[in-house]
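In what follows, every heavy atom counts, from backbone to side chain, and hydrogens, waters and symmetry copies are set aside. Numbered from 1 within each chain, the chains take letters A, B, ... in sequence-line order.
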Amino acid sequence: MPELAQVVVDVPTMQTNQPYTYQIPPKLEKQIQVGVRVIVPFGKGKRTVQGFVVAFDKASQYEGELKPIQAVMDLQPVINSELMNLSKWLADTTYSFWISCLYTMLPNLLKAKTTRIIRIVDEVDEHIAFDIFHGRDELEMAEVQDKPAILSELFKLQKEGKITIEYQVEDRAKAKTVTGIRALLNFEQLEDERASLHANAHAQNRLLSYLQSIGSQVVKQKDAEHKTGLKAATFNQGQQKGWLEKTPVEVYRQPLAMQGPPDDAHLAAPLQLNADQQNAVNQINQAIDNHDPKVFLLQGVTGSGKTEVYLQSIANALHQGKTALMLVPEISLTPQIVNRVRRRFGSKVAVLHSSLSNGERYDEWRRIERGEAQVVVGARSAIFAPLTNLGLIILDEEHESSYKQDESPRYQAREVAKWRGKYNQAPVVLGSATPSLESRARAVKNVYHLLRLPHRVNKQELPPIEVVDMRDEIKKYGESNFSQKLLTELNDRLQKNEQSILMLNRRGFSSFMMCRDCGNVLKCPNCDISLTLHMDTRTMKCHYCGHEEPIPRECPNCHSHQIRYYGTGTEKVEQELHQLLPQARIIRMDVDTTRRKGMHAKLLRQFGQHQADILLGTQMIAKGLDFPNVTLVGVLNADTGLGLPDFRASERTFDLLSQVSGRAGRANKQGKVIIQTYNPDHYAIQDAKTHDYEKFFDQEMMLRRQASYPPYYYTVRLMASHPEEAKAARAMADIYGRLKQGLLSSTVILGPTPRAIARMKRRYYYQIVIKYKKDPYLHQLLFDILQDTQSRGFKDVQVSIDPDPQYFM
DNA sequence: AGCACGCCGACT
DNA sequence: GTCGGCGTGCTC
């Protein structure tokens, strides 16, 4: 019998990034298991924190006295043994805290929230009682946190012993409940009650019969009212007379995307597969059946029926009594895919939306954990879904950079998928029309198994793409976001009552403000970037820190009134389009119009029902949409991404153009794509034009090899920041010295350089990028650097490490 | 993170 | 002489 528990506490620092040993009090012995959350005393005073039991122990080599665990939060482990193992691996490979990894795997609701409560325990004078405590005897620390004068008074009182500060860990996991009823009397007793009723008490009589019919079951009161036709008042009478009691019943919240309960009686049948699809399904199924943790790269052009391959493989996994996990990028963006999975597998499906409320997310998570759902569809973090007996993992659009989390723990869902595949002896399917260079290169080396779907299911040709040189356009017709060619085509679609999609590449390039007289650009006071104009709120906003200020009437620098907007935002394009095509109905989709929950789906539904002729949006419209009436796709500025100082710029541009091209002419109508660009000869644009992934791959691989970038080299990015620029620079120079000394000479160290946005949130950032093929010293050295920069000589310096970064700016 | 300990400067 | 600044180190 274990007497001691190893607990990882919720104190995310490098120094506490280890299990601590605690005693298990006899009365908690039965409840404590590996993977449950516990409350433990930690440090001096009455401080308690939440933690996870990660192991049991018989003895401890710790010299001091061991403290006992104070409370257990869960009846069942919230982290199963697979996820426990995974969390360790994750912390190690992403250079992050174990505790952060554990929390990352759980729905938000299970995260600890500690509040500090100040309580009066002795007489205090009136000023304190009324001005600070408002006549109550307790106060939340958060209320006075930023008031130093009050704080110092409080500390004095604490020393005098007149107030205490208590720590409270509150559990936010609250199952949603509705009122239920249960009979308190048995059949005979209820019959006796009936005898004493007035002859005309029909309602009560009916209630008694109903209670007799339900036996000892708990029934939702709403259902009971519905069934009996009785009013709530009658149930209250029954409660008063001691016939029944009210008790909460747990219900699952109905997430927005699943409105209407799934109809298991009318599930959609599998579609007929073509030869390529069948071959892919066969190979995947064979791996499922043989418990072969192979990685497949399913490369299929848009419209080639990848989804059907996923669905039939999932069906096979279920048939084998296993579960399946399917990731899609930013799920809220593709309700069409989610619905398709739900129509096929009904109530077996759990959906982990990024836009679910915490409560909804928790409910879905519970359904998975309890084994009530066997198929999970979700965005990045769904890779941690607590499915047991996994038989198949699918990543759709595997090249998407959103599979990498850009805050700690900086994990790549693709890598986590491979880890879980191996652990469960289950295959992983990476699907894409334009695989990442890394994945495709692995397929070339037979590390991954390549499956191809070269033909579109409807046998239709990919739409022709026309590239318009905007340099010529501007010379001939002056500055505009719309070429003559594109306008002609848009007009043509309006005439034919067909729809168009217009994509503007990147929100970041929307309007900034510049003074024509002095050239002053309005910048964020916290960050080193220009503010962006937002017409909806009539403010200037910073996209990095959220700073917001009113639109200036005059230049803050020279007080000139000659200020104007530059650049192109979706709003501005929408205005221009209204002028050029007054009769067109336009739906604009960007971060601003879709911020509200459910707006995204709503706008798409409107467009699908042809309530608009043109869908104008940012990248978010490039993915997964399938509207049969869309016959024209226009990309307004194809090359905004190309100029970025990032080795993946070409790859992203190629992916984006290929993807948005696939939106045109998906049904029986011929589609057309127009790409406007200032770099018509760039290979990324030329290869997208000819739908030639292979050519692009070869060209890009050559460049990557020449410049020693992935997939030929691995990369790690190291960032350091400080409120003072010189200190950030000095810390980075220090780190550089250690790297230079500790790493192999074949390892390339780039930098340190100020980051492209050198100042963010009032801190200065510097970065180093390390390129390596194999360096046995790197991993440990990076951990040492993290450790050391936590303490001596690096005051206020924040260091973070980003393995395999997606962006370099 | 939060807290105590401890070592320096500036005040009742 | 003491109060309080924050640099340093520890939390089972």
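The aromatic rings of A:Phe783 and A:Tyr95 lie tilted to each other, with the angle between the two planes from 30° to 60°.
Between the side chains of A:Asp775 and A:Thr747, at least one donor N or O sits under 3.5 Å from an acceptor N or O.
Using a 4.0 Å heavy-atom cutoff across all strands shown, A:Pro19 reaches no nucleic acid atom at all. Using a 4.0 Å heavy-atom cutoff across all strands shown, A:Tyr22 reaches sugar-phosphate atoms only and no base atom.
The CG-P distance, from A:Asn17 to C:dG9, rounds to 19 Å in whole Å. Atom OH of A:Tyr20 is separated from atom P of C:dC10 by 11 Å (rounded to the nearest Å). Distance CE (A:Met14) to C1' (C:dT11): 16 Å, rounded to an integer number of Å. The distance between atom CH2 of A:Trp98 and atom C1' of C:dC12, rounded to the nearest whole Å, is 14 Å. A:Phe52 has its CZ atom 18 Å from the C1' atom of C:dC12, to the nearest Å. Atoms CZ (A:Phe42) and P (C:dC12) sit 6 Å apart, rounded to a whole Å. Taking atom NZ of A:Lys46 as the reference point, atom C1' of B:dA1 lies 20 Å away to the nearest angstrom. As rounded to whole Å, 11 Å separates atom C1' of C:dC10 from atom NZ of A:Lys67.
In this structure A:Thr104 satisfies the side chain to side chain contact (heavy atoms under 4.5 Å, CB included) test together with A:Phe384, A:Pro409, A:Tyr411, sequence neighbours excluded. A:Arg420 meets the salt bridge (charged side-chain N to carboxylate O under 4.0 Å, His left out) test with A:Glu82; sequence neighbours excluded. Residues meeting the salt bridge (charged side-chain N to carboxylate O under 4.0 Å, His left out) test with A:Lys418, sequence neighbours left out: A:Glu415. Partners of A:Glu372 under the salt bridge (charged side-chain N to carboxylate O under 4.0 Å, His left out) rule, at least two apart in sequence or in another chain, are A:Arg370. Legend: residues meeting salt bridge (charged side-chain N to carboxylate O under 4.0 Å, His left out) with A:Asp802, ordered by chain and number and at least two apart, are A:Lys404, A:Arg410, A:Arg717.
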Between protein and nucleic acid, restricted to nucleotides 5-8 of chain B and to nitrogen or oxygen atoms under 3.5 Å apart, what atom pairs and distances do you find?
none

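When the side-chain nitrogen and oxygen atoms of A:Tyr62 are compared with OP1 and OP2 of C:dT11, one or more of them lie within a distance under 4.0 Å.
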